[in-house]
Amino acid sequence: MTRRIVSTVVLALTAYTAGIASAQTFQVQCPTSTITHPNAANNNSEPAYSAPTNWTPGSGGFVSPNAVNGAIKCQQISGGDGYATMGDGTQTYMFSFGPLSGLADIANGLPGTQFPNTFNTVDGATLLPGDPATTVSGGGTFTFNGAVGLTPNLDNGGAIDGHVDVRSIMDVAVMNGNIPAPLMAIDEDDEFFLTLSNVGQIMRPDLFEQHTVHFHGYPNASSFYDGVPDASVAINIGGSFTYYYLAPDAGTYFWHCHITPPEHLQMGMVGQIYVRPRQNRVPTNVTLYAALASQQSDPRTACNSADIVCTNPLPAGGGNTKTGGFNSTTHTATKMYAYNDGDGSTQYDVEYPIQIHGFDPNFHFVGMTFNPEGFADMKDKYFLLNGRSYPDTVTRGPIATQSADSTNHFAQPLPAVINIPVGGRALLRISDLDVSEYQTLASLGIPMNVVGYNAKLLRDQEGANTNYLTNSITLGGGESLDVILDASDTGKYKAGQKFYLYTPNLDHLANDAENFGGLMTEVNICSTVNPTTKDCQ
């Protein structure tokens with residue numbers, strides 16, 4: 001296993017040093033196969049979880065898996081700047097990450113993470129500045145989810161090998177930062193290749209800002225890919241770097257730039273990543289308890305008597321009891337879970353990322369005007385859910401802001417409205433991306449069932465669930481909670497009902513000491529919910 005990781009590190013280091021040799025030109029990386037996932041044809045979909053992955057010595061000194069789980073996922077992002085519009089019409093300047101892959105999905109409020117067969121595609125039309133949008137040059141529907149700028153390498157026989165057209169990347173990425181940063185989603189056992197291309201701060205040409213990606217609280221990350229510049233690398237303007245992660249632990253995390261973090265986080269360089277559990281891929285009618293028990297022999301996530309901080313202990317009672325009305329015995333193809341619970345207690349029907357963020361408008365203004373920011377005086381006055389304040393939180397579709405280049409850029413693609421099907425449950429993946437404030441969200445009418453905290457299932461080491469019901473939760477910066485809104489009681493919850501998720505802190509329910517804005521969104525009960533768009537039907 002160690003050799004496998006080292007070999008993959010060498011792969012990425014080779015690409016990185018090649019970039020240095022060519023004056024840090026842009027590039028991307030998304031291999032179609034690796035030592036962990038040797039069969040390229042099988043890496044474009046998630047396989048069923050039938051047995052744990054263990055490793056045996058192979059030829060050439062490599063190790064080989066006895067069972068291949070997960071797939072390969074890739075994503076490309078930019079580091080730069082941009083503008084966003086608040087609910088009261090105020091425009092604010094940001095340091096920000098932007099999307100350079102999965103543009104159509106991001107425009108629809110979905111993660112931009114892609115399988116290799118989608119990522120490694122070349123767009124046949126000309127991308128317009130400001131994408132992700134809904135049109136392409138010459139008209140038509142915008143459907144491109146591949147890597148921006150990827151183009152055949154004529155020096156390598158026309159191969160798709162990470163070679164890019166720099167002009168395409170600059171056209172799309174300049175002044176096209178998102179708030180929050182592009183959403184990422186992977187599955188346990190995936191290998192994740194994330195390329196960051198630094199396009200520079202156009203509004204601050206006096207700055208030579210480096211950027212990194214740090215997965216906050218993410219376990220088992222190699223320090224080389226952890227994004228802390230003291231122990232890893234930082235990406236200069238005009239350069240790209242591909243981070244590598246193996247995904248062994250389900251849960252909700254967030255990520256940010258680790259260059260002068262108080263400044264870059266306050267300015268907007270923060271986003272969410274979540275990892276879906278293996279339990280989603282258990283074959284139909286397999287016992288959840290037995291599936292979780294088999295994971296104990298997987299060296300990545302094994303729980304044993306010596307492990308006092310086991311992340312997924314088996315549920316008490318052998319998984320033969322029903323908890324909260326869930327069928328704890330077998331998995332069905334239509335069910336999804338927040339964690340590998342072994343008893344179905346984290347089951348949900350629809351999921352929503354809810355990212356809380358606040359910013360100081362004075363800090364952002366000074367950050368655009370060549371003056372040193374006043375860190376000691378930092379005080380958030382605008383408060384956002386998924387980069388929007390009410391009523392923009394319930395607006396579907398990306399919100400555009402005209403930037404200094406006179407082009408509309410879709411800086412706020414992610415809505416925050418929550419639609420739950422009748423008889424269903426919604427998983428809220430809540431992250432607090434704030435720098436200086438504690439944040440509270442309350443739900444009246446539909447209790448919050450808190451099942452996970454900081455990407456850990458709420459369960460003690462004896463297997464007893466420690467999840468709890470509440471009508472409000474409070475988080476500090478860098479914390480996350482997994483919350484299920486349970487509307488399964490069809491006698492109580494009917495189609496057409498509307499509830500609200502909001503903050504009881506009145507100064508956080510406003511825009512810069514004025515009303516009309518802040519942390520509030522709608523929770524709608526619908527007859528059915530479109531599984532892709534999350535719209536009521």
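Taken to the nearest 0.5 Å, the CD atom of Gln537 stands 4.5 Å off from the CG atom of Asn530. Expressed to the nearest 0.5 Å, how far OG1 of Thr284 lies from NZ of Lys335 amounts to 12.5 Å. The CG atom of Leu485 sits 13.5 Å away from atom OH of Tyr348, with the distance rounded to the nearest 0.5 Å. Summarising the geometry, atom CZ belonging to Phe192 is positioned 8.0 Å from atom SG belonging to Cys74; distances are rounded to the nearest 0.5 Å. Once rounded to the nearest 0.5 Å, the distance linking CG of Leu385 with OH of Tyr352 reads 14.5 Å. In this structure, CG on Leu100 lies 6.0 Å from CD1 on Ile169, to the nearest 0.5 angstrom.
You'll find the side chain of Ile356 stays beyond 4.5 Å of the side chain of Leu433, heavy atoms only. Contact check for Phe193 versus Ile72: side-chain heavy atoms found under the 4.5 Å cut-off. No side-chain heavy atom of Tyr225 sits under 4.5 Å from any side-chain heavy atom of Ser232. Annotation: side chain of Val450 is not in contact with side chain of Asn467 (no heavy-atom distance under 4.5 Å). Ile430 has its side chain out of reach of Thr252: every pair of non-hydrogen atoms, C-beta onward, lies at least 4.5 Å apart. Counting heavy atoms from C-beta outward, Asn419 and Val350 have side chains that stay 4.5 Å or more apart. Side-chain contact between Asn108 and Thr533 is absent, with no heavy-atom pair separated by less than 4.5 Å. The shortest distance between side-chain heavy atoms of Asn43 and Ser33 falls below 4.5 Å.
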Self-check item: His163 and Thr151: CA distance, side-chain angles, deciding distance, side-chain contact (heavy atoms from CB on, under 4.5 Å) verdict
Solution: CA-CA 6 Å; His163 179 73; Thr151 189; 3.5 Å; yes

Exercise. Apply side-chain contact (heavy atoms from CB on, under 4.5 Å) to the pair His214 and Asp226, showing each step before the final yes or no.
Key: CA-CA 5 Å; His214 170 67; Asp226 198 38; 3.4 Å; yes

Exercise. Carefully, step by step, assess Asn156 and Asp161 under the rule side chain to side chain donor-acceptor pair (under 3.5 Å).
Key: CA-CA 8 Å; Asn156 190 20; Asp161 58 3; 2.9 Å; yes

Quiz item: Under the side chain to side chain donor-acceptor pair (under 3.5 Å) criterion, do Thr118 and Asn145 qualify, and how do the steps go?
Solution: CA-CA 7 Å; Thr118 299; Asn145 278 317; over 6 Å; no

Practice problem: Give the intermediate values and the outcome of side chain to side chain donor-acceptor pair (under 3.5 Å) for residues Asp105 and Gln114. | Solution: CA-CA 10 Å; Asp105 282 351; Gln114 306 295 330; 3.1 Å; yes

Quiz item: Where do Asp341 and Thr346 land on the side chain to side chain donor-acceptor pair (under 3.5 Å) test, with the steps shown first?
Solution: CA-CA 7 Å; Asp341 51 53; Thr346 66; 2.5 Å; yes

Quiz item: Do Val483 and Asn449 pass the side-chain contact (heavy atoms from CB on, under 4.5 Å) test, and can you show the C-alpha distance, the side-chain angles, and the key distance before you say yes or no?
Solution: CA-CA 5 Å; Val483 174; Asn449 183 9; 5.9 Å; no

Exercise. Evaluate side-chain contact (heavy atoms from CB on, under 4.5 Å) for Asp349 paired with Ile420, printing each intermediate quantity in order.
Key: CA-CA 8 Å; Asp349 297 284; Ile420 309 176; over 6 Å; no

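Listed by chain and number, the residues in a side chain to side chain contact (heavy atoms under 4.5 Å, CB included) with Val166 are Phe26, Met170 (sequence neighbours excluded).
With hydrogens and angles ignored, the 3.5 Å screen pairs a side-chain donor or acceptor of Ser222 with a backbone N or O of Phe224. With hydrogens and angles ignored, the 3.5 Å screen pairs no side-chain donor or acceptor of Thr113 with any backbone N or O of Gln75. In this structure, the side chain of Asn153 engages the main chain of Asp155 through a donor-acceptor pair within 3.5 Å. A donor-acceptor pair is defined here as one N or O able to donate and one able to accept, closer than 3.5 Å; such a pair exists between the side chain of Asn386 and the backbone of Gln355. The backbone N or O of Gln412 sits less than 3.5 Å from a side-chain atom of Arg388, completing a donor-acceptor pair. In terms of modelled atom types and a separation under 3.5 Å, the side chain of Thr287 and the main chain of Ala290 share no donor-acceptor contact. In terms of modelled atom types and a separation under 3.5 Å, the side chain of Asn340 and the main chain of Leu292 share no donor-acceptor contact. Without hydrogens or angle criteria, Asn198 side chain to Glu209 main chain gives a donor-acceptor distance under 3.5 Å. Using modelled atom types, one side-chain atom of Gln279 and one backbone atom of Gly342 make a donor-acceptor pair closer than 3.5 Å. Checked by atom type and distance alone, the side chain of Asp190 never pairs as donor or acceptor with a backbone atom of Ile186 at under 3.5 Å.
Tested against Ser431 for a side chain to side chain donor-acceptor pair (under 3.5 Å), the candidates Gln272, His216, His357 yield a single pass: Gln272. When Asp189, Asp187, Asn69 are each tested for a side chain to side chain donor-acceptor pair (under 3.5 Å) with Arg278, only one passes: Asp189. Checking Tyr245, Tyr253, Tyr244 one by one against Phe215, the ring pair (Phe, Tyr, Trp, His ring centres under 6.0 Å) holds for a single residue, Tyr245.
Residue pairs meeting the salt bridge (Lys or Arg N to Asp or Glu O under 4.0 Å) criterion with at least one partner in residues 32-47, sequence neighbours excluded, are Glu46-Lys73, Glu46-Arg281.
Between His211 and His258, the ring center distance fails the sub-6.0 Å criterion. Taking the ring centroids of Tyr337 and Tyr339, they lie at or beyond the 6.0 Å cut-off. Between Trp255 and Tyr218, the distance from one ring center to the other does not fall under 6.0 angstrom. The aromatic ring centroids of His256 and Phe254 lie less than 6.0 Å from each other.
A pairwise comparison of heavy atoms in Pro47 and Val68 identifies CG-O, 3.9 Å as the closest pair. Contact between Asp343 and Ser345 at its shortest, heavy atoms only, is OD1-OG, 2.8 Å. Taking both residues in full, the closest heavy atoms of Thr212 and Gly227 are given as OG1-O, 2.7 Å, listed atom of the first, atom of the second, then distance. The two residues Gln210 and His264 come nearest to each other via the heavy atoms O-CE1, 3.8 Å. What you find for Leu428 and Ile418 is that their closest heavy atoms are CD2-CD1, 3.7 Å. The two residues Pro99 and Asn178 have their closest heavy-atom pair at CD-OD1, 3.6 Å.
Side-chain polar atoms of Glu479 and Tyr453 form a donor-acceptor pair below 3.5 angstrom. Looking only at atom types and distance, the side chain of Ser240 has a donor-acceptor partner in the side chain of Ser197 under 3.5 Å away. In summary, the side chains of Gln76 and Thr195 do not present any donor paired with an acceptor at a separation below 3.5 Å, with no hydrogens or angles considered.
With respect to Lys456 and Asp249, no salt bridge is recorded, no charged nitrogen being found less than 4.0 Å from a carboxylate O. Using a 4.0 Å cut-off between charged side-chain N and carboxylate O, Arg276 and Glu188 make no salt bridge.
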